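Quick notes on the structure that follows.
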Protein chains: 2
Amino acid sequence: MQISTRFTVAVHALLCIAYFSPERKVTSGFIAGSVKVNPVVVRRTLGQLKEADLVTVEAGVGGASLARSAAEITLLDVYRAVESTGERLFNFHENPNPACPVGGNIHAVLDGELAAAQAALEDRLAQTSLADLYAKLADLTGTSAG
Amino acid sequence: MQISTRFTVAVHALLCIAYFSPERKVTSGFIAGSVKVNPVVVRRTLGQLKEADLVTVEAGVGGASLARSAAEITLLDVYRAVESTGERLFNFHENPNPACPVGGNIHAVLDGELAAAQAALEDRLAQTSLADLYAKLADLTGTSAG
DNA sequence: TCATGTTGTAACAATAATAGTTACAACAAG
DNA sequence: CTTGTTGTAACTATTATTGTTACAACATGA
């Protein structure tokens with residue numbers, strides 16, 4: 001299974017905000033034009049980012065901004081905002097047989113390893129900030145500041 | 001989104017084989033009784049493990065065995081056998097706008113980070129072998145060898 | 001030969017998540 | 001009051017997962 005496009009859409013939206021704001025008003029329609037999805041999809045994603053205090057959105061007038069500096073927003077923040085709703089990455093089967101020596105101990109044997117694997121993923125995501133991505137982007141586009 | 005139960009079912013099945021085989025014939029029905037799922041689900045999973053050369057299954061007579069030693073089967077092997085069919089963990093939106101400086105460079109900026117995060121997950125999975133899990137299980141059940 | 005138990009696989013249903021879309025009330029500002 | 005935007009509801013389509021029944025193919029022993 002794959003992690004949904006919400007995550008990359010969210011990162012894309014944040015990069016748009018970092019790149020264009022505040023020179024241009026970055027609306028859901030503008031972001032949608034860059035990502036090439038329906039504006040409602042962007043609004044849903046921005047809603048999750050707002051919930052996680054990563055962006056602020058102006059009601060009525062329109063336009064989104066970062067709620068904190070790009071250096072203080074990591075990919076893990078974004079991942080947690082749009083993907084993991086407090087849940088585990090690995091999904092376990094519900095009712096292993098407690099009467100079987102394997103079924104009765106499968107959680108004790110496996111849970112720690114799965115948690116460690118998820119932690120490895122999240123640790124790596126936490127090492128990359130939006131500022132890192134912006135620096136790469138600015139390098140590619142020749143933009144000095146945004 | 002979560003990684004499907006196929007992965008934990010597969011690990012559970014392999015642990016059953018490691019623990020009970022060859023003293024008992026480990027059939028799909030027997031594994032299903034430990035995992036508490038339908039035997040057909042187990043057969044489908046065993047089919048994927050067989051495809052990946054992790055187990056052998058006796059047609060007709062019944063019963064599964066490890067195709068190599070438990071020390072030579074890692075969680076990454078299992079993960080790849082049942083989950084990632086050569087695909088990426090992170091799912092990207094299809095058509096970023098190439099005319100937008102962000103949309104046109106989003107892959108160049110983000111792909112490497114996503115690959116690194118997936119690699120971190122897989123590297124951690126590769127560090128744990130079925131033998132490690134079996135040792136934990138034997139410790140819990142007081143079994144010296146199986 | 002035949003009965004038995006098993007595997008492999010097809011077929012189908014139920015459920016859930018994702019993603020796209022239309023529609024519209026609420027809002028802010030000129 | 002007009003305009004443009006947000007937030008959200010509602011609905012659809014698609015896909016993946018999971019559970020289930022059914023059955024042909026197979027190996028073995030009686």
Side-chain angles (χ1 to χ4, degrees), chain A residues 1-10 12-13 16-17 20-22 24-33 35-52 55-65 82-85 87-96, chain B residues 1-10 12-13 16-17 20-22 24-33 35-52 55-65 82-85 87-96:
Chain A
M1 186 175 270
Q2 290 183 308
I3 290 169
S4 75
T5 60
R6 277 199 309 273
F7 176 65
T8 50
V9 169
H12 191 147
C16 277
I17 297 169
F20 292 110
S21 178
R24 304 192 201 181
K25 188 166 75 168
V26 182
T27 67
S28 63
F30 179 81
I31 296 171
V35 180
K36 283 279 189 74
V37 294
N38 194 287
V40 172
V41 174
V42 173
R43 293 205 276 267
R44 283 201 280 240
T45 301
L46 285 180
Q48 293 183 289
L49 296 177
K50 196 171 57 171
E51 189 98 9
V55 302
T56 57
V57 182
E58 304 302 315
V61 59
S65 315
V82 301
E83 281 289 337
S84 86
T85 57
E87 289 184 354
R88 311 270 166 102
L89 178 62
F90 293 94
N91 201 4
F92 224 102
H93 44 288
E94 293 293 324
N95 304 304
Chain B
M1 186 175 269
Q2 292 182 307
I3 289 170
S4 77
T5 60
R6 279 199 308 273
F7 177 65
T8 50
V9 168
H12 191 147
C16 277
I17 296 168
F20 291 111
S21 177
R24 305 191 200 180
K25 187 166 73 169
V26 182
T27 67
S28 63
F30 180 81
I31 297 171
V35 180
K36 283 282 189 72
V37 294
N38 194 286
V40 173
V41 174
V42 174
R43 277 181 235 152
R44 284 201 278 241
T45 302
L46 285 179
Q48 294 182 289
L49 296 176
K50 196 171 59 171
E51 189 96 9
V55 302
T56 56
V57 182
E58 304 301 315
V61 60
S65 315
V82 301
E83 282 290 337
S84 84
T85 56
E87 290 183 355
R88 311 269 166 103
L89 177 62
F90 293 94
N91 200 4
F92 224 100
H93 44 288
E94 292 292 326
N95 303 306

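Just so it is clear: chains get the letters A, B, ... in the order the sequence lines come, proteins before strands, and each one is counted from 1. We use all heavy atoms of the structure for the numbers below, so side chains are in, but hydrogens, waters and symmetry mates are not. As the structure is a computational prediction, the values presented were derived from the model and not from experiment.
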- Distance test, side-chain N/O of A:Lys50 to OP1/OP2 of D:dT6, below 4.0 Å: no
- Query: Of all the nucleotides listed (D:dT17, D:dG7, D:dG19), which has the minimum atom distance to the side chain of B:Ser4?
  - Reply: D:dT17
What's the [atom1]-[atom2] distance between [X] and [N], to the nearest Å?
X       : N      : atom1 : atom2 : answer
A:Glu94 : C:dA16 : CD    : P     : 12 Å
B:Lys25 : D:dA27 : NZ    : C1'   : 10 Å
B:Arg44 : C:dA10 : CZ    : C1'   : 10 Å
A:Gln48 : C:dA19 : CD    : C1'   : 13 Å
A:Arg24 : D:dG4  : CZ    : C1'   : 18 Å
A:Lys36 : C:dT21 : NZ    : P     : 13 Å
B:Asn91 : D:dA16 : CG    : P     : 10 Å

- Assign A:Gly47 to base, sugar-phosphate, or nothing according to its heavy-atom contacts below 4.0 angstrom with the strands shown.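 Here A:Gly47 touches no strand at all.
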What pairs of nitrogen or oxygen atoms, one from the protein and one from nucleotides 22-27 of chain C, lie under 3.5 Å apart?
none

- Task: Could you check A:Asn91 against B:Ser4 for side-chain contact (heavy atoms from CB on, under 4.5 Å), going step by step and ending with a plain yes or no?
- Result: CA-CA 5 Å; A:Asn91 201 4; B:Ser4 77; 5.8 Å; no
- Query: Going by number, which of residues 26-33 of chain B have a non-hydrogen atom under 4.0 Å from DNA chain C?
  - Reply: B:Thr27, B:Ser28
- Classify the ring geometry between B:Phe20 and B:Phe30 as parallel (under 30°), tilted (30 to 60°) or perpendicular (over 60°). perpendicular
